[in-house]
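Whatever order the structure lists ligands and atoms in, that order sets their numbers, starting from 1.
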Amino acid sequence: MKNLRLTFAAMALGAASLVPGLAVAQTELRIGMITPPPHVWSQTAMQMAEELPDLSDGRLSLQVFPGGQLGNEAAMLQQLQTGALDMAFLTIAEISNRVPDFGAFYAPFLADDMAHAARIIRSDVARDMLEVLPEEVGVVGIGYASAGMRHLVSRSPINDASDLAGLRIRITPFEPIRDFYNALDVTATPMALPQVYEALANAQVDGIDMDAELIWAMRYFEPGPYVMESNHMLFPMVGLVSGRVWARMSEEDREVITEMMSRHLDTILDTYAERDPEWMAQTAAEEGVTHSVLDAEFFADAIEAWEEIWAPRAPMLAELRRVAEETR
Ligand code: BEZ
């Protein structure tokens with residue numbers, strides 16, 4: 001029976017390819033991301049999946065794997081390198097683990113807020129940094145977006161930076177953020193996004209480093225009712241295509257992918273610039289939430305310690321600081 005169904009399906013496909021004007025998607029591409037299905041990145045990938053067959057005259061289709069279904073970001077990057085995965089939306093965090101210069105994006109308080117962060121991320125300086133990716137990582141960077149600014153959520157009240165000492169704070173697994181929290185004497189606890197809610201709810205961690213969208217959408221404020229709006233770091237995302245897959249693609253298909261992905265990445269950046277403050281305001285208005293605003297002064301010593309480590313490791317920092325000043 002199964003074979004019969006397969007035969008019918010194959011005949012239908014064969015027949016369709018003989019009918020002029022009836023498009024058949026021939027190459028199915030796959031895109032992965034760590035974010036859950038309702039997240040802006042995942043929703044955007046779903047929109048791309050809807051558009052791609054038409055944009056490519058039926059040559060390409062796209063299957064979306066949200067929620068870390070293909071593994072964490074390190075695993076997805078490896079799959080991109082081997083060509084086992086075609087495309088991904090990844091945080092720059094994972095890229096900075098391979099190319100330390102990308103750590104420059106995480107200079108604490110480089111941007112004042114998400115609107116300012118979007119101007120830095122859109123700069124030519126940032127764009128040019130993508131050029132090293134094919135050679136150094138084996139991936140093609142189509143462009144940037146973001147997941148908003150970073151904030152802190154904790155299970156207990158934090159009145160000054162010394163209250164953070166000794167706490168276990170969940171971080172995204174990458175070095176620049178680890179060094180920031182180490183400087184605060186925090187036990188920085190690297191953890192991929194899908195594990196975070198449970199870890200916070202079960203008190204495996206005392207707090208989390210997180211963005212406004214997910215604090216709101218995943219209701220992290222329920223187990224962690226102390227929400228500190230700190231805007232302490234940018235959190236850029238990059239839209240990637242596997243270098244191996246890119247090498248096999250026709251020029252025409254490359255153009256389709258580049259146009260489609262760039263357009264959507266740009267929309268994502270606009271979405272965060274507009275909605276980041278709204279998500280935080282909605283969270284702050286929730287019953288039981290204690291909301292506070294932290295500034296650079298709160299983290300002063302840690303910022304200096306971070307700078308000492310990362311200024312020599314990430315020479316692009318000076319350039320990004322110049323862009324930050326010019327776009328303030
Ligand atoms: C995180 O690890 O916190 C994260 C990763 C991707 C998007 C948003 C947040």
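One finds no salt bridge joining R321 and E325 here, because no Lys/Arg side-chain nitrogen approaches an Asp/Glu carboxylate oxygen to under 4.0 Å.
Nearest heavy atom pair, residue A314 against residue A104, reads CB-N, 3.8 Å.
Using a 4.0 Å heavy-atom criterion, the residues that approach ligand 1 are I34, T35, W41, T91, A147, R150, R170, T172, L193, M210, D211, L214, F235.
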When the side chains of residues 144-157 are checked against the rest of the protein, which donor-acceptor pairs come out under 3.5 Å, sequence neighbours left out?
residue : atom : partner : partner atom : Å
Y144    : OH   : A126    : O            : 2.7
S146    : OG   : G148    : N            : 2.8
S146    : OG   : F235    : O            : 3.4
R150    : NE   : D209    : OD1          : 2.7
R150    : NH2  : D209    : O            : 2.8
R150    : NH2  : D209    : OD1          : 3.3
H151    : ND1  : S230    : N            : 3.1
H151    : ND1  : N231    : N            : 3.2
S154    : OG   : S156    : O            : 2.4
R155    : NH1  : L200    : O            : 2.8

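Exactly one of V293, L164, I303 qualifies for a side chain to side chain contact (heavy atoms under 4.5 Å, CB included) with F298. That residue is L164.
Residues passing the side chain to side chain donor-acceptor pair (under 3.5 Å) test with T35, sequence neighbours excluded: S42. Take R244 and apply the salt bridge (Lys or Arg N to Asp or Glu O under 4.0 Å) test, not counting sequence neighbours, and it matches no residue.
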